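Report on the structure given below.
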Amino acid sequence: MQGQPANALQVVRLQSAVSLQTPHFRTGARRIDASAGFGYRRRATAATLQARQRPARMLKLYDYLPSRNAWKVRQLLHHLGLPYQAIPVSIFEGEGRQPAFLRVNPSGKVPALGLEDGRTLAESNAILAYLADGSDYLPADRYLRAKVHQWLSFEQEQVEMSIGSLRYWTLTGKLPHRDATLVAGKRKAALRTLALLDDELATRLFIVDGRYSIADISIFAYASRAEDAGLSLAAYPHFRAWLERVQSQPGFLPEVHPYSIDPHSGNELP
Ligand SMILES: N[C@@H](CCC(=O)N[C@@H](CS)C(=O)NCC(=O)O)C(=O)O
């Protein structure tokens, strides 16, 4: 189930461990200290003051800790050893729908990435493909790259839309308020997705070409949390073995932040 519980203070510490600057962004009317996103304000310590003096030209990750889509990006940044500034966006309080953030990502969702040159990029899998370019996490071969994209699309359409939705509704207490037919359909799709992955992983170690890539990172994000949505993994031994292989990758990021760190997560999204 969910990983170690964390309170708001721990969130600050976790974010600070990877972020190198005090996060904030401007909206039309007011400057938001994004560290206030979960109702806390970070005091300026010597460390944060020192961090503020670091150069602004750094990757910015617009983040929401419980988001597994955002975890994908955190994971790859960690693998690549890329420093970045984490900017928490309090999505349940509507920060994602403010003009300043809509200029970063018109869909108002996290994750989004601010590049060193000021351009922005949204959609977790597009961000993975961008960051992984030229690295071991995205094959150079044209066909294998396309295979990675095949599985990234599969992840969005079949993993996130079934397991991801069910998990989100379950962990934030929204499941009983969802249409029963919709939930049953998602459950069926989730089980079909797990069975498909189990079949595929019966014959190779990783999703594409037997080598760990961003396809594994992307699918792992939500598929590995299927039990959070009450989906048993007992019938999928090859899938479970793959989960272990992913978890034993050097630099694997085991963090799973529960929604309970955000007092607003029981709200409906705006
Ligand atoms: N397809 C997008 C989905 C992003 C997404 O759904 N993000 C959620 C958090 S996991 C969000 O920011 N929701 C806020 C909203 O919908 O307003 C991706 O892969 O990045």
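Fair warning: this is a prediction, and the values are worked out from it, not measured in the lab. Both counts, for ligands and for their atoms, begin at 1 and track the order of listing.
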Open item on the list: With a 6.0 Å cut-off on the ring centroids, do F252 and F220 count as close?
Closed with: yes
Within the protein, flag every N or O under 3.5 Å from an N or O of ligand 1, and note the pair and distance.
unit_1   : atom_1 : unit_2 : atom_2 : d
ligand 1 : 1 (N)  : E123   : OE1    : 2.7
ligand 1 : 1 (N)  : Q156   : OE1    : 2.7
ligand 1 : 7 (N)  : V110   : O      : 2.8
ligand 1 : 12 (O) : V110   : N      : 2.9
ligand 1 : 16 (O) : R97    : NH2    : 3.4
ligand 1 : 17 (O) : R97    : NH2    : 2.5
ligand 1 : 19 (O) : S124   : N      : 3.4
ligand 1 : 19 (O) : S124   : OG     : 2.6
ligand 1 : 19 (O) : Q156   : OE1    : 3.4
ligand 1 : 19 (O) : Q156   : NE2    : 3.1
ligand 1 : 20 (O) : S124   : N      : 2.8

Donor-acceptor contacts, no H, no angles, side chain residues 130-138, under 3.5 Å, sequence neighbours left out:
unit_1 : atom_1 : unit_2 : atom_2 : d
D133   : OD1    : R145   : NH2    : 3.1
S135   : OG     : A132   : O      : 2.7
S135   : OG     : Y137   : N      : 3.1

Open item on the list: Are Y212 and H79 an aromatic pair, judged by ring center distance below 6.0 Å?
Closed with: yes
Open item on the list: Listing request: all ring pair (Phe, Tyr, Trp, His ring centres under 6.0 Å) pairs with a residue in residues 144-164, at least two apart in sequence or in separate chains.
Closed with: W151-F154
Acceptor/donor pairs from residues 184-193 side chains to any protein atom, 3.5 angstrom cut, sequence neighbours excluded:
unit_1 : atom_1 : unit_2 : atom_2 : d
K186   : NZ     : M161   : O      : 2.7
K186   : NZ     : S165   : OG     : 3.4
T193   : OG1    : Q158   : O      : 3.2
T193   : OG1    : A189   : O      : 2.8

Task: Check ion pair E268-R178 (N to O, under 4.0 angstrom) - done: yes
